[in-house]
Amino acid sequence: MELIDAMRSQNTCRFYLPDDVPDQVLYRAFDNARFAPQGGNRQPVRFLVVRDQRLKRELADLYMIPWSAYVEATAKKHAIRVDDEFGTEKATWVGGNAERVMRNGDHFARHLADHPVIIVVCADIDQTHPTDTQLGRLSVGGGASIYPIVQNLCLALRDQGIGTALTTLLCAYEKEVKKLLSIPDELSTVAHVVAGYPARPFPTKLSRRPVEEFVFVDDFDKPLRCS
Ligand SMILES: Cc1cc2nc3c(=O)[nH]c(=O)nc-3n(C[C@H](O)[C@H](O)[C@H](O)COP(=O)(O)O)c2cc1C
């Protein structure tokens, strides 16, 4: 498909068909994704494709811990009412857009083990060479050697009609995930990408700020405009 179309419609897919994603499809996506840039061409990222039902179940159970905490905090913030049946199939939400996002996210979470593939993204952080570690704030520079290939992967899967959801909630449970999947010591878990054939059509429009609101020329008083 057209690159621009893929970029503009690659959403967080939270509803999947049960159909398997063939190895050839995954291989083709990784084969295209690998050309992403990373500092010094050190290529610090490794991927573990999890298909095994027992392993996915364990990952899903772990995911529910931070997800439930996130739901509780978000429900409070947006004054969303979560009824007593939350966490069950009968859960209902009352609210606006936040409600829709949370309801979809909740469905995604409770069906995590049923989604066809969970790709655990790992990275050798020592090989990322961050340049912002001495600034007295959170260092994020290392991520620049990690996430371009992850986004490439999502786009390369989108090209083949596969939906994805990039998640990081489970990263807080790195210790448990590493043990479960026997991930080598030198690797950290930096994201989890769920992938599968989408049960709903890809969106035609994603909700994002217009360019004028986040791109500026020379100073932050001058938005970039298309005249
Ligand atoms: C760094 C990052 C972490 C995310 N983590 C989660 C997550 O743990 N669970 C989840 O359901 N969605 C997660 N998302 C998806 C976002 O919630 C989603 O991109 C956002 O709501 C916009 O929705 P859209 O991508 O469908 O337009 C994450 C996205 C990013 C970029």
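Predicted model only: the values in this text are computed from it and were never measured.
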Is it true that the NZ or CZ of Arg209 lies under 6.0 Å from the centre of Phe214's six-membered ring and within 45 degrees of the ring axis?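 No, a cation-pi geometry is absent between Arg209 and Phe214.
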Please work out whether the ring planes of Trp67 and Tyr70 are parallel, tilted or perpendicular, with thresholds of 30° and 60°.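 It falls in the tilted class, 30° to 60°.
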Should the pair Phe108 and Tyr63 be assigned to parallel (<30°), tilted (30 to 60°) or perpendicular (>60°) ring geometry?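 Geometry flag for Tyr63 against Phe108: perpendicular rings.
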Main chain of [Y], side chain of [X]: is a donor-acceptor contact present, judged purely on distance under 3.5 Å?
X: Arg158; Y: Asn11; answer: no
X: Gln38; Y: Ile146; answer: no
X: Thr167; Y: His192; answer: yes
X: Asp20; Y: Pro22; answer: no
X: Ser145; Y: Gly39; answer: yes
X: Arg28; Y: Val25; answer: no
X: Asp159; Y: Met1; answer: yes
X: Asp114; Y: Pro18; answer: no

How long is the gap from [atom1] on [X] to [atom2] on [Y], to the nearest 0.5 Å?
X: Leu112; Y: Leu170; atom1: CG; atom2: CG; value: 8.0 Å
X: Glu174; Y: Leu187; atom1: CD; atom2: CG; value: 9.5 Å
X: Arg8; Y: Glu2; atom1: CZ; atom2: CD; value: 13.0 Å
X: Leu169; Y: Leu62; atom1: CG; atom2: CG; value: 12.0 Å

Arg54: salt bridge (Lys or Arg N to Asp or Glu O under 4.0 Å) partners, not counting sequence neighbours: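 Per chain and number, Arg54 pairs via salt bridge (Lys or Arg N to Asp or Glu O under 4.0 Å) with Glu58.
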What heavy-atom pair brings [X] and [Y] nearest, and what distance separates the two atoms?
X: Pro116; Y: Tyr16; result: CD-CB, 4.0 Å
X: Pro198; Y: Gly163; result: CD-N, 3.7 Å
X: Ile118; Y: Lys56; result: CD1-CG, 4.0 Å
X: Tyr147; Y: Ala191; result: CE2-CB, 4.2 Å

Is it true that Arg137 and Asp132 make a salt bridge, defined as a side-chain N closer than 4.0 Å to a carboxylate O?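 Asp132 and Arg137: salt-bridged.
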Can you name the one residue among [options] that meets side chain to side chain contact (heavy atoms under 4.5 Å, CB included) with [X]?
X: Ser188; options: Asp126, Ile183, Ile125; answer: Ile125
X: Val121; options: Thr189, Val190, Leu153, Leu166; answer: Val190
X: Leu157; options: Val117, Ile162, Asn152; answer: Ile162

Audit row: Phe30, Ile119, side-chain contact (heavy atoms from CB on, under 4.5 Å) steps and yes/no: CA-CA 11 Å; Phe30 284 115; Ile119 301 168; 4.2 Å; yes
CG/Asp219: more than 12 non-hydrogen atoms of other groups inside 6.0 Å: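 It does: Asp219 CG has more than 12 such atoms within range.
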Would you say Met64 and Val50 are hydrophobically clustered, going by side-chain heavy atoms of ILVMFWY under 4.5 Å?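 Same hydrophobic cluster.
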